[in-house]
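First listed ligand is number 1; within each ligand, the first listed atom is number 1. Bear in mind that the values here come from a model prediction, so they are computed numbers and not experimental data.
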Amino acid sequence: MILYFSGTGNSLAISRQLAERLDEQVMPLNRAVTLDVSHERRVGLVFPCYWFNAPRAVTELVPRLRLSEESYVFIVIPCGAQAGNAIWTVRRMLAAKGIDVAYSHKIRVPDNSAVGFGRNPNEQVWKFDCYAGRLKRIAADIAAGVRRCHYAWWGAAGALCALPTVQRRTLPMFTPAVDTDKCVGCGLCAQVCPQGNITLADGKARCGGNCTQCLACVHFCSHQAVVINSKPTPKAHQYHHPKVTVGDMR
Ligand SMILES: Cc1cc2nc3c(=O)[nH]c(=O)nc-3n(C[C@H](O)[C@H](O)[C@H](O)COP(=O)(O)O)c2cc1C
(Lines give C-alpha, C1' and ligand atoms only; values in the text may rest on other atoms or scores of the structure.)
Protein backbone atom coordinates (compact mmCIF):
# COMPACT_ATOMS: atom_id res chain seq x y z
CA MET A 1 0.00 0.00 0.00
CA ILE A 2 1.31 3.44 -0.95
CA LEU A 3 -0.18 6.42 0.87
CA TYR A 4 0.47 9.78 -0.74
CA PHE A 5 -0.12 13.46 -0.18
CA SER A 6 0.00 15.67 -3.27
CA GLY A 7 -0.90 19.20 -4.32
CA THR A 8 0.27 19.38 -7.92
CA GLY A 9 0.54 15.70 -8.75
CA ASN A 10 4.27 14.94 -8.47
CA SER A 11 3.76 12.73 -5.42
CA LEU A 12 0.70 11.10 -6.96
CA ALA A 13 2.50 10.34 -10.25
CA ILE A 14 5.51 8.92 -8.41
CA SER A 15 3.25 6.85 -6.15
CA ARG A 16 1.52 5.41 -9.19
CA GLN A 17 4.80 4.62 -10.92
CA LEU A 18 6.14 2.92 -7.80
CA ALA A 19 2.86 1.05 -7.34
CA GLU A 20 3.02 -0.26 -10.88
CA ARG A 21 6.55 -1.57 -10.41
CA LEU A 22 5.81 -3.00 -6.96
CA ASP A 23 2.30 -4.25 -7.65
CA GLU A 24 0.86 -2.13 -4.86
CA GLN A 25 -2.28 -0.01 -4.39
CA VAL A 26 -2.20 3.79 -3.96
CA MET A 27 -4.39 5.74 -1.58
CA PRO A 28 -4.48 9.48 -0.76
CA LEU A 29 -3.33 9.93 2.83
CA ASN A 30 -5.74 12.79 3.45
CA ARG A 31 -8.77 11.02 1.96
CA ALA A 32 -7.98 7.49 3.09
CA VAL A 33 -11.00 5.45 4.10
CA THR A 34 -8.95 4.03 6.93
CA LEU A 35 -5.56 4.87 8.38
CA ASP A 36 -5.30 1.33 9.70
CA VAL A 37 -2.77 -0.30 7.39
CA SER A 38 -1.45 -2.69 10.01
CA HIS A 39 -2.38 -5.68 7.83
CA GLU A 40 -0.15 -4.47 4.96
CA ARG A 41 3.12 -6.27 4.37
CA ARG A 42 4.64 -3.13 2.82
CA VAL A 43 3.62 0.51 3.37
CA GLY A 44 4.99 3.49 1.47
CA LEU A 45 4.59 7.16 2.32
CA VAL A 46 5.11 9.56 -0.58
CA PHE A 47 4.80 13.31 0.02
CA PRO A 48 6.50 16.58 -0.91
CA CYS A 49 8.91 18.64 1.14
CA TYR A 50 7.72 22.11 2.18
CA TRP A 51 10.15 24.57 3.67
CA PHE A 52 12.77 21.88 4.35
CA ASN A 53 10.26 19.78 6.21
CA ALA A 54 7.21 17.52 5.90
CA PRO A 55 3.87 19.22 5.09
CA ARG A 56 1.66 19.93 8.08
CA ALA A 57 -1.06 17.82 6.42
CA VAL A 58 1.30 14.85 6.68
CA THR A 59 2.64 15.43 10.19
CA GLU A 60 -0.97 15.76 11.42
CA LEU A 61 -1.95 12.40 9.92
CA VAL A 62 1.14 10.31 10.71
CA PRO A 63 0.29 9.98 14.43
CA ARG A 64 -3.10 8.51 13.42
CA LEU A 65 -1.60 5.86 11.15
CA ARG A 66 -1.83 2.28 12.38
CA LEU A 67 1.13 0.28 11.15
CA SER A 68 2.55 -3.08 12.06
CA GLU A 69 6.09 -3.41 13.39
CA GLU A 70 6.44 -6.29 10.92
CA SER A 71 5.69 -4.15 7.85
CA TYR A 72 8.40 -2.88 5.52
CA VAL A 73 7.87 0.90 5.70
CA PHE A 74 9.40 3.26 3.15
CA ILE A 75 9.34 7.00 2.51
CA VAL A 76 9.88 8.70 -0.86
CA ILE A 77 10.01 12.51 -1.12
CA PRO A 78 9.52 14.17 -4.51
CA CYS A 79 11.10 17.58 -3.97
CA GLY A 80 12.52 20.48 -5.96
CA ALA A 81 16.04 20.11 -4.64
CA GLN A 82 16.49 19.06 -1.02
CA ALA A 83 14.17 17.06 1.20
CA GLY A 84 15.56 18.93 4.21
CA ASN A 85 14.32 17.40 7.44
CA ALA A 86 11.16 15.90 5.88
CA ILE A 87 12.30 12.27 6.05
CA TRP A 88 13.95 12.76 9.43
CA THR A 89 10.77 14.31 10.91
CA VAL A 90 8.41 11.52 9.81
CA ARG A 91 10.95 8.81 10.61
CA ARG A 92 11.21 10.19 14.14
CA MET A 93 7.41 10.39 14.48
CA LEU A 94 7.09 6.75 13.42
CA ALA A 95 9.94 5.69 15.70
CA ALA A 96 7.94 7.16 18.59
CA LYS A 97 5.18 4.68 17.65
CA GLY A 98 7.69 1.82 17.57
CA ILE A 99 7.80 1.72 13.75
CA ASP A 100 11.14 1.51 12.03
CA VAL A 101 11.40 3.07 8.56
CA ALA A 102 13.28 0.54 6.44
CA TYR A 103 14.01 2.66 3.40
CA SER A 104 13.84 6.30 2.31
CA HIS A 105 14.89 8.39 -0.63
CA LYS A 106 14.23 11.75 -2.27
CA ILE A 107 13.58 12.35 -5.98
CA ARG A 108 14.16 15.70 -7.69
CA VAL A 109 11.14 16.89 -9.64
CA PRO A 110 9.91 20.34 -10.78
CA ASP A 111 9.57 22.70 -7.81
CA ASN A 112 5.99 23.96 -7.70
CA SER A 113 6.97 26.70 -5.22
CA ALA A 114 9.07 28.46 -7.90
CA VAL A 115 5.90 30.27 -8.92
CA GLY A 116 5.95 32.08 -5.56
CA PHE A 117 9.32 33.57 -6.43
CA GLY A 118 8.08 34.69 -9.86
CA ARG A 119 9.77 31.76 -11.57
CA ASN A 120 8.31 29.22 -13.94
CA PRO A 121 8.26 25.64 -12.56
CA ASN A 122 7.74 24.33 -16.10
CA GLU A 123 11.31 25.34 -16.92
CA GLN A 124 12.46 22.52 -14.65
CA VAL A 125 10.86 19.67 -16.55
CA TRP A 126 14.40 18.54 -17.45
CA LYS A 127 14.36 17.02 -13.97
CA PHE A 128 12.08 14.30 -15.29
CA ASP A 129 15.03 12.98 -17.31
CA CYS A 130 16.96 12.01 -14.22
CA TYR A 131 13.94 10.98 -12.19
CA ALA A 132 12.99 8.00 -14.37
CA GLY A 133 16.28 6.21 -13.64
CA ARG A 134 16.20 7.14 -9.97
CA LEU A 135 12.65 5.85 -9.62
CA LYS A 136 13.57 2.56 -11.24
CA ARG A 137 16.45 2.08 -8.78
CA ILE A 138 14.28 3.01 -5.79
CA ALA A 139 11.57 0.55 -6.87
CA ALA A 140 14.21 -2.17 -7.33
CA ASP A 141 15.60 -1.49 -3.83
CA ILE A 142 12.13 -1.64 -2.27
CA ALA A 143 11.24 -4.81 -4.20
CA ALA A 144 14.45 -6.39 -2.89
CA GLY A 145 13.61 -5.32 0.67
CA VAL A 146 16.75 -3.18 0.99
CA ARG A 147 17.05 -1.54 4.41
CA ARG A 148 18.75 1.81 3.93
CA CYS A 149 17.58 5.32 4.77
CA HIS A 150 18.90 8.04 2.51
CA TYR A 151 18.26 11.28 4.26
CA ALA A 152 20.06 14.32 5.41
CA TRP A 153 19.36 16.18 8.60
CA TRP A 154 19.25 19.73 7.41
CA GLY A 155 19.65 20.99 10.93
CA ALA A 156 20.42 24.61 10.22
CA ALA A 157 18.09 25.23 7.25
CA GLY A 158 15.31 23.05 8.67
CA ALA A 159 15.55 24.59 12.11
CA LEU A 160 15.69 28.10 10.65
CA CYS A 161 12.51 27.51 8.63
CA ALA A 162 10.77 26.21 11.76
CA LEU A 163 11.57 29.37 13.75
CA PRO A 164 8.37 31.31 14.52
CA THR A 165 9.93 34.56 13.29
CA VAL A 166 10.87 32.98 9.95
CA GLN A 167 7.47 31.28 9.67
CA ARG A 168 5.71 34.59 10.29
CA ARG A 169 7.51 35.91 7.20
CA THR A 170 7.43 32.85 4.93
CA LEU A 171 3.96 31.42 5.59
CA PRO A 172 1.97 34.44 4.35
CA MET A 173 4.22 34.53 1.28
CA PHE A 174 2.83 31.20 0.18
CA THR A 175 -0.70 31.33 1.51
CA PRO A 176 -3.10 31.59 -1.43
CA ALA A 177 -5.78 34.24 -1.70
CA VAL A 178 -8.61 34.58 -4.19
CA ASP A 179 -8.70 37.52 -6.59
CA THR A 180 -12.46 38.02 -6.56
CA ASP A 181 -12.36 40.09 -9.77
CA LYS A 182 -11.01 37.10 -11.66
CA CYS A 183 -12.81 34.29 -9.81
CA VAL A 184 -15.79 32.92 -11.75
CA GLY A 185 -16.90 30.61 -8.93
CA CYS A 186 -16.34 27.40 -10.91
CA GLY A 187 -15.27 25.58 -7.73
CA LEU A 188 -12.30 23.82 -9.33
CA CYS A 189 -9.98 25.06 -6.58
CA ALA A 190 -12.32 23.63 -3.93
CA GLN A 191 -12.26 20.28 -5.71
CA VAL A 192 -8.49 20.00 -5.95
CA CYS A 193 -7.74 21.34 -2.45
CA PRO A 194 -6.58 18.26 -0.51
CA GLN A 195 -7.41 19.99 2.77
CA GLY A 196 -11.02 20.84 1.87
CA ASN A 197 -10.03 24.38 2.79
CA ILE A 198 -11.83 26.22 -0.01
CA THR A 199 -15.54 26.95 -0.04
CA LEU A 200 -17.80 28.89 -2.37
CA ALA A 201 -19.75 31.84 -1.05
CA ASP A 202 -21.76 34.30 -3.18
CA GLY A 203 -20.34 32.73 -6.34
CA LYS A 204 -16.72 33.23 -5.32
CA ALA A 205 -14.10 30.92 -3.85
CA ARG A 206 -12.96 31.61 -0.32
CA CYS A 207 -9.86 30.17 1.39
CA GLY A 208 -10.27 29.03 5.00
CA GLY A 209 -7.71 28.78 7.76
CA ASN A 210 -6.49 25.23 7.13
CA CYS A 211 -4.15 25.81 4.20
CA THR A 212 -1.12 23.51 4.04
CA GLN A 213 0.42 25.54 1.18
CA CYS A 214 0.36 22.76 -1.42
CA LEU A 215 -0.53 25.41 -4.05
CA ALA A 216 -2.95 23.08 -5.88
CA CYS A 217 -5.49 25.92 -6.11
CA VAL A 218 -2.89 28.32 -7.53
CA HIS A 219 -1.67 25.89 -10.17
CA PHE A 220 -4.99 24.36 -11.27
CA CYS A 221 -7.19 27.49 -11.46
CA SER A 222 -8.18 27.97 -15.13
CA HIS A 223 -8.67 31.71 -14.56
CA GLN A 224 -5.44 32.40 -12.67
CA ALA A 225 -7.66 33.78 -9.93
CA VAL A 226 -5.74 32.32 -6.99
CA VAL A 227 -2.71 34.38 -6.10
CA ILE A 228 0.15 34.08 -3.67
CA ASN A 229 2.07 36.98 -2.25
CA SER A 230 -0.59 39.23 -3.90
CA LYS A 231 1.02 38.56 -7.28
CA PRO A 232 -0.94 37.19 -10.25
CA THR A 233 0.15 33.78 -11.48
CA PRO A 234 0.80 33.76 -15.24
CA LYS A 235 -0.81 30.83 -17.03
CA ALA A 236 2.62 29.76 -18.35
CA HIS A 237 3.87 29.45 -14.75
CA GLN A 238 1.07 27.15 -13.66
CA TYR A 239 2.40 23.67 -13.17
CA HIS A 240 1.13 20.20 -12.48
CA HIS A 241 2.65 16.84 -13.23
CA PRO A 242 1.94 16.20 -16.92
CA LYS A 243 0.46 12.75 -16.24
CA VAL A 244 -1.96 13.98 -13.60
CA THR A 245 -5.33 15.55 -14.38
CA VAL A 246 -7.78 17.61 -12.34
CA GLY A 247 -9.94 14.50 -12.08
CA ASP A 248 -7.09 12.63 -10.39
CA MET A 249 -6.80 15.29 -7.71
CA ARG A 250 -10.47 15.30 -6.71
C1 LIG B 1 5.31 25.92 0.14
C2 LIG B 1 6.30 25.03 -0.56
C3 LIG B 1 7.56 24.85 -0.02
C4 LIG B 1 8.49 24.02 -0.65
N5 LIG B 1 9.70 23.81 -0.06
C6 LIG B 1 10.59 23.00 -0.66
C7 LIG B 1 11.85 22.73 -0.02
O8 LIG B 1 12.14 23.18 1.08
N9 LIG B 1 12.72 21.92 -0.69
C10 LIG B 1 12.44 21.38 -1.92
O11 LIG B 1 13.28 20.68 -2.46
N12 LIG B 1 11.25 21.58 -2.52
C13 LIG B 1 10.32 22.37 -1.92
N14 LIG B 1 9.08 22.57 -2.51
C15 LIG B 1 8.78 21.90 -3.79
C16 LIG B 1 7.94 20.65 -3.62
O17 LIG B 1 8.47 19.81 -2.60
C18 LIG B 1 7.89 19.86 -4.93
O19 LIG B 1 7.54 20.63 -6.02
C20 LIG B 1 6.93 18.67 -4.81
O21 LIG B 1 7.23 17.73 -5.78
C22 LIG B 1 5.46 19.02 -4.92
O23 LIG B 1 4.73 17.82 -4.78
P24 LIG B 1 3.25 17.63 -5.31
O25 LIG B 1 3.25 17.95 -6.79
O26 LIG B 1 2.93 16.21 -5.06
O27 LIG B 1 2.40 18.56 -4.56
C28 LIG B 1 8.16 23.37 -1.87
C29 LIG B 1 6.86 23.55 -2.41
C30 LIG B 1 5.94 24.36 -1.76
C31 LIG B 1 4.57 24.51 -2.35
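- At least one N or O atom of G9, backbone or side chain, sits closer than 3.5 Å to an N or O atom of ligand 1.
- Counted within 6.0 Å of NZ on K136, heavy atoms from surrounding residues, nucleotides or ligands total 12 or fewer; the atom is thus considered open.
- Heavy-atom contacts of T8 reach the following atoms of ligand 1: 24 (P), 25 (O), 27 (O) (cutoff under 4.0 Å).
- Checked by atom type and distance alone, the side chain of D248 never pairs as donor or acceptor with a backbone atom of G9 at under 3.5 Å.
- No donor-acceptor contact under 3.5 angstrom links the side chains of D36 and T34, judged on distance only.
- Separation of the H241 and F128 ring centroids falls under the 6.0 Å cut-off.
- For the residue pair N85 / R92, no side-chain donor-acceptor distance below 3.5 Å is found, with atom types taken as modelled.
- When only modelled atom types and interatomic distance are considered, Y239 and E123 share no side-chain donor-acceptor pair under 3.5 Å.
- No side-chain donor from either of K182 and Q224 sits under 3.5 Å from a side-chain acceptor of the other.
- Among protein heavy atoms, atom 27 (O) of ligand 1 sits closest to G7 N, 2.7 Å.
- Heavy atoms of G84 stay at 4.0 angstrom or farther from ligand 1.
- The nearest protein atom to atom 12 (N) of ligand 1, hydrogens excluded, is given as G80 N, 3.2 Å; this is a heavy-atom distance.
- Close contacts between ligand 1 and N10 involve ligand atoms 19 (O), 20 (C), 21 (O), 22 (C), 23 (O), 24 (P), 25 (O), 26 (O) [criterion: under 4.0 Å to a heavy atom].
- Using a 4.0 Å cut-off between a side-chain N of Lys or Arg and a carboxylate O of Asp or Glu, D111 and K127 do not qualify as a salt bridge.
- Counting non-hydrogen atoms of neighbouring residues, nucleotides and ligands closer than 6.0 angstrom, the NZ atom of K243 reaches no more than 12 such neighbours.
- The closest protein non-hydrogen atom to atom 15 (C) of ligand 1 is D111 OD1, 3.0 Å.
- Selection from P78, P48, C49 by nearest heavy atom to atom 28 (C) of ligand 1 gives C49.
- Considering only non-hydrogen protein atoms, atom 5 (N) of ligand 1 sits nearest to W51 N, 2.9 Å.
- Under 4.0 Å from ligand 1, the heavy atoms of L215 that appear belong solely to its side chain.
- Shortest contact from atom 31 (C) of ligand 1 to any protein heavy atom: Q213 O, 3.2 Å.
- Protein heavy atom in closest approach to atom 10 (C) of ligand 1: Q82 O, 3.3 Å.
- Looking only at protein heavy atoms, the nearest one to atom 29 (C) of ligand 1 is N112 OD1, 3.1 Å.
- Contact between P121 and ligand 1 is absent, with no heavy atom of the residue lying under 4.0 Å from the ligand.
- Close contacts of ligand 1 with S11, meaning ligand atoms under 4.0 Å from a residue heavy atom, involve 23 (O), 24 (P), 26 (O).
- Taking distance alone, with nitrogen or oxygen atoms compared against 3.5 Å, V109 stays at or beyond that limit from ligand 1.
- The environment of CG in D202 is sparse: at most 12 heavy-atom neighbours from other residues, nucleotides or ligands sit within 6.0 Å.
- Side-chain N or O atoms of T212 include none that pairs as donor or acceptor with a backbone N or O of P55 at under 3.5 Å.
- For atom 8 (O) of ligand 1, the closest non-hydrogen atom of the protein is F52 N, 2.7 Å.
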